[in-house]
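Sequence lines set the chain letters: A, B, ... in the order given, protein chains first and strands last, and positions in each chain run from 1.
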Amino acid sequence: NSRSSLQVTQTDMSAEDSEPPPAPPTAATAAVDDWPDEISASTDDVDSLASDDPGGANDLTVTPAELIDELLTAWCNEKLCPDLLPQRDDLVDCVRDQLEGMDRQVRLPGGRPTKDLAGYLHRLELSRIRYVTTDLLRTRLAKIQSYAESMTVGPNGGRWAGRLSKPEADFAKTYVTSMHRHFDSLVLNKVPQFLRHRPTELEAPRPNLDAFVFFRVRRPTTTAATTSQDDNGADGSASATTAVASVKPAAEAAEVELRPGEQHLMQFAPVEQLLIDDKILLI
Amino acid sequence: HASYSRPEARSNQSTRLIADLKRGLSTGLPAFEEDRVRHLLAEIDALFQQNREAIGEALADSNNAALTAQEKELRAGRSHNSIQLRQAVMERNKRCLLAYLYHRLVQLRRMRWELGPILPANVQLNARDEEINWFSGYNRMLAHYMQVVHGWTTTGFDLTVNRQPPKSLFVEVRCLQDYGQLETEDGCLVNLKKGSHHYLLHSDTELLVRQGVLEHVGSNH
């Protein structure tokens, strides 16, 4: 029985224990074990995912279990991250294809769902994965809507340039345009010329990159946390930060060494790149 | 100067517009305050005219040979201050008006996710035509994002359903109003009558629960 190839190593899953997924990881493991064998065979798309994987640990194939693991990580990171993370459409498409295949297998030829217990469990598991997938996209869309103005116009737009997928970028653009048209027709076209400009990008809502985040270290790395914090204080108006830095100049250059398994609470900006590089995991 | 009318008293109007909206948004969408919006726009116009006149006067003053240099300076200073003040009030009115519009749209956007693509009758009544138009535009861009672009065919990939983490596939629900026939995902026809109990697929019930047709029975939801 080739089912054993779908086994998830227990250490991987236990790393997810403290996350807030609705589907308990143990249930995910159990149901993943039950997945029909055919799925592991259709790994065309899975391969393309692996080649994009910055970790490069599993270059050849990704089992469905690893795929779900990856999805849960991406989902938790996105949920807990104050800013929009780079898009994971490769991952989402891959999961979606798997789900559609699985969905067909638990249905009768007429499209009706099967009514046996195994079918029930499969469908419950599918609905959990579907929830995570849609919630990942939904979370992203909510962030895009909140910060659409900053993301699409002004010099700050560059920060998000590669992070939105094509559909997301289209959505953001249409969304901002529709808002602008609304503002124009009800207010801006009715005020004197000198007031007609739209609010500048400084007034548009932006994600708070100084928000504190909890994270767990996955791979050894270092961060120059306090230095970045000082940068923020220097170009922003946060005089308090600068004051603290000047009291303790020694702390400024201190690099924080991050060892795997450690958990930290830090401001988001200094660790952002580590998150994108998959070296840490938001918790 | 006669034209010096207390702008600080007027600007209360614009902040009150926002404060009232904030209070109203907790329960739904309050009626569009047509009169107050028009009033604030008219105020911007009036202040703009006043500033224009003040600038004209200031120019005339500076060219007036009958005034001493000291008088000129005094008048110019006074008029400069009131021009600046009016300018600030205009900017503030504009900002408040835009904030007013923006937060109403955000509320409509929230309703799209909570209540589905059709606005309840009372919301339609309280919204302006432009807002209804914006809402249907929003519907379209959302549908475009979800269906056309992603090409998702399987039911259940609507981002606006599956909002709660699923605990079990089926849920027990009580019907709160006469809804009529519901065709479930597995092809059964269910007659939803007021007061009846059903054991249905979670995905079938979610939207109806949010619309207030069904309510969950039991403590797990």
Structural part of [X] lying under 4.5 Å from a heavy atom of chain A:
X        : answer
B:Leu142 : both
B:Leu101 : both
B:Tyr102 : both
B:Arg140 : neither
B:Leu41  : side chain

request  = Report the option among A:Ser146, A:Ala142, A:Pro192 that has the most heavy-atom pairs separated by less than 4.5 Å from atoms of chain B.
outcome  = A:Pro192
note = Max heavy-atom pairs within cutoff under 4.5 Å with chain B, candidates A:Leu186, A:Val187, A:Thr174, A:Val191, goes to A:Leu186
task = Please work out whether the ring planes of A:Phe183 and A:His180 are parallel, tilted or perpendicular, with thresholds of 30° and 60°.
result = tilted
task = Fit a plane to each ring of A:Tyr131 and A:Trp75, take the angle between them on a 0 to 90° scale, and name the class: parallel (under 30°), tilted (30 to 60°) or perpendicular (over 60°).
result = perpendicular
key: Separation of A:Arg140 CZ from A:Phe171 CZ (nearest 0.5 Å)   = 12.5 Å
query = CZ of B:Arg36 to CD of B:Gln13: how many Å apart, nearest 0.5 Å?
reply = 6.5 Å
task = Heavy-atom distances under 4.5 Å only: say whether A:Tyr120 touches chain B with side chain, backbone, both or neither.
result = both
key: Side chain, backbone, both or neither of A:Ser178 within contact of chain B (heavy atoms, under 4.5 Å)   = both
What residue, out of [options], has the most heavy-atom pairs lying under 4.5 Å from chain A?
options                              : value
B:Gln87, B:Arg128, B:Arg109          : B:Arg109
B:Asp45, B:Leu105, B:Val37, B:Asn133 : B:Leu105
B:Glu91, B:Arg95, B:Met90            : B:Arg95

task = Would you name the heavy atoms of A:Asp83 and A:Lys143 that are closest together and state the gap between them?
result = O-NZ, 3.0 Å
message = Taking the side chain as everything from C-beta on, heavy atoms only, tell me whether A:Pro207 gets closer than 4.5 Å to A:Trp160.
response = yes
message = Salt bridge or not between A:Lys173 and A:Asp170? Use side-chain N to carboxylate O under 4.0 Å.
response = no
key: Check ion pair A:Arg88-A:Glu70 (N to O, under 4.0 angstrom)   = yes
